[in-house]
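Encoded as structure tokens, the structure appears first; notes follow it.
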Amino acid sequence: MRNIKAFGLALVAICATSALGSATASATDLFTVGGAEKAWVTGSQHQQQFKFTNSILIECTTSKLTGTIVNGASEMTALTSHTGTLNIVPHTPHCESALGGVTFHMNGCHDVLTGNTDAQTDATVWIQCPTGKEIVLTIDILCTIRIPSQTPTEGGVTYKNLPNHPGGSAIEIATTMTGVTYKSEGFCGSGVADNLDYSSTMSLTGYKHLGGTMAVPIEGERVPIEVS
């Protein structure tokens, strides 16, 4: 079950990022951290959409990414939480679909973003889960969707350096994931398919890595991060 086209973390049509002053991956780019060997990176975004070609649409008002960057490395690991029902204040911890509230269970799964690019200058990215685990989406009691580990066959994520970001340089990522393989159970159908699409953009800021986990990071002072 390995089939992703243009991971677009993230997690809606989002254009690939390539603007004046940007650093778009173009072979094997490296992540760098100023003033530290390792950094926590965090980011948030709004109005995410997950779309299945069988017309199931899942929307989230907010999501948060936490990841790690090692200075000089060509990979970043990231954990994304998808939360917030649309048009409800305060936000609930659930996303929304026509079938009801949606809860994401990551089960130790995370994304790996690299600086290794293909002919379209998209850096490869994949979903990586512990042995025997998978991402599970539950839509009330009607439907369960299971997303296993997968490796992209083409496409990925693009990067843009934000040198003037408040507090120090940051990185913007633009991603578009299509053709993701999953297994559904219940009201939304039964069986395996590969028609899940997802896309997003997000700005990532860096903080000195003082320990902890991606679920509960221990962050120090702000540090600049970039990719080049």
Side-chain angles (χ1 to χ4, degrees), residues 7-11 14 16-46 48 62-83 104 106-118 121-130 133 135 149 151-152 156-177 200-228:
F7 171 80
L9 276 167
L11 320 190
I14 301 294
T17 305
S18 61
L20 184 63
S22 69
T24 302
S26 59
T28 300
D29 286 354
L30 303 178
F31 298 101
T32 57
V33 179
E37 179 60 28
K38 189 176 182 180
W40 286 115
V41 294
T42 61
S44 60
Q45 64 186 16
H46 301 274
Q48 288 183 309
T62 58
S63 71
K64 180 180 180 180
L65 178 147
T66 303
T68 55
I69 292 179
V70 175
N71 191 44
S74 61
E75 292 184 356
M76 174 199 312
T77 57
L79 173 67
T80 305
S81 59
H82 311 283
T83 59
F104 285 74
M106 297 305 291
N107 295 321
C109 300
H110 60 272
D111 301 313
V112 179
L113 289 70
T114 78
N116 301 315
T117 62
D118 63 14
T121 71
D122 293 320
T124 55
V125 61
W126 65 87
I127 299 170
Q128 184 169 304
C129 296
K133 300 292 185 179
I135 300 171
S149 298
T151 301
V157 59
T158 60
Y159 304 99
K160 176 183 177 181
N161 284 333
L162 304 175
N164 299 317
H165 197 274
S169 61
I171 299 172
E172 181 178 277
I173 60 174
T175 53
T176 305
M177 186 188 295
S200 67
T201 58
M202 184 181 294
S203 295
L204 303 180
T205 53
Y207 299 86
K208 187 172 290 187
H209 193 297
L210 300 181
T213 65
M214 282 191 288
V216 186
I218 302 175
E219 299 176 343
E221 63 184 6
R222 177 75 184 275
V223 292
I225 57 174
E226 64 178 20
V227 60
S228 60

>> As a quick check of understanding, evaluate side chain to side chain contact (heavy atoms under 4.5 Å, CB included) for Phe31 and Ile171, giving each step before the final call.
In response: CA-CA 10 Å; Phe31 298 101; Ile171 299 172; 4.1 Å; yes
>> Asn161 vs Val227, test: side chain to side chain contact (heavy atoms under 4.5 Å, CB included). Steps then yes/no.
In response: CA-CA 7 Å; Asn161 284 333; Val227 60; 3.7 Å; yes
> Is there a side chain to side chain contact (heavy atoms under 4.5 Å, CB included) between Met76 and Leu204 once you walk through the steps?
Replying inline: CA-CA 12 Å; Met76 174 199 312; Leu204 303 180; 3.9 Å; yes
> Where do Ile135 and Asn107 land on the side chain to side chain contact (heavy atoms under 4.5 Å, CB included) test, with the steps shown first?
Replying inline: CA-CA 6 Å; Ile135 300 171; Asn107 295 321; over 6 Å; no
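Here the closest heavy-atom approach between residue Ile218 and residue Gly212 is recorded as CD1-N, 3.8 Å. Here the closest heavy-atom approach between residue Leu113 and residue Ala78 is recorded as CD1-CB, 4.3 Å. Minimum interatomic distance between Tyr207 and Thr42 (heavy atoms only, all atoms of both residues): CE1-OG1, 3.5 Å. Between Gly72 and Leu30, the shortest heavy-atom distance links the atoms O-CD2, 3.6 Å. Between Val157 and Ala174, the closest heavy-atom pair is CG2-O, 3.3 Å.
Rounding to the nearest 0.5 angstrom, the gap separating the CD atom in Glu75 from the CD1 atom in Ile69 is 12.0 Å. In this structure, Lys208 NZ and Glu219 CD are separated by 13.0 Å, a value rounded to the nearest 0.5 Å. Once rounded to the nearest 0.5 Å, the distance linking CD of Gln128 with NZ of Lys133 reads 15.5 Å. How far OG1 of Thr32 is from CD1 of Ile225: 8.5 Å, rounded to the nearest 0.5 Å. Here the CE-OG1 distance, from Met214 to Thr66, works out to 8.5 Å after rounding to the nearest 0.5 Å. Leu65 contributes atom CG, which lies 7.5 Å from atom CG of Leu79 (distance to the nearest 0.5 angstrom).
For Trp40 (side chain) and Thr213 (main-chain N/O), no donor-acceptor pair under 3.5 Å exists by modelled atom type. Looking at Arg222, its side chain does come within 3.5 Å of a backbone N or O of Pro166 through a donor-acceptor pair. Side chain of Trp126 to main chain of Ser149: no donor-acceptor pair is present (N/O by atom type, distance under 3.5 Å, no hydrogens or angles). A donor-acceptor pair under 3.5 Å is absent between the side-chain atoms of Asn71 and the main chain of Gly34, judged by distance alone.
Looking only at side-chain heavy atoms (C-beta outward), Ile127 and Asp111 come within less than 4.5 Å of each other.
Residues that satisfy the side chain to side chain contact (heavy atoms under 4.5 Å, CB included) test with Val70, not counting sequence neighbours, are Glu37, Lys38, Ala73. Every residue was checked against the side chain to side chain donor-acceptor pair (under 3.5 Å) condition with Ser169, not counting sequence neighbours, and none meets it.
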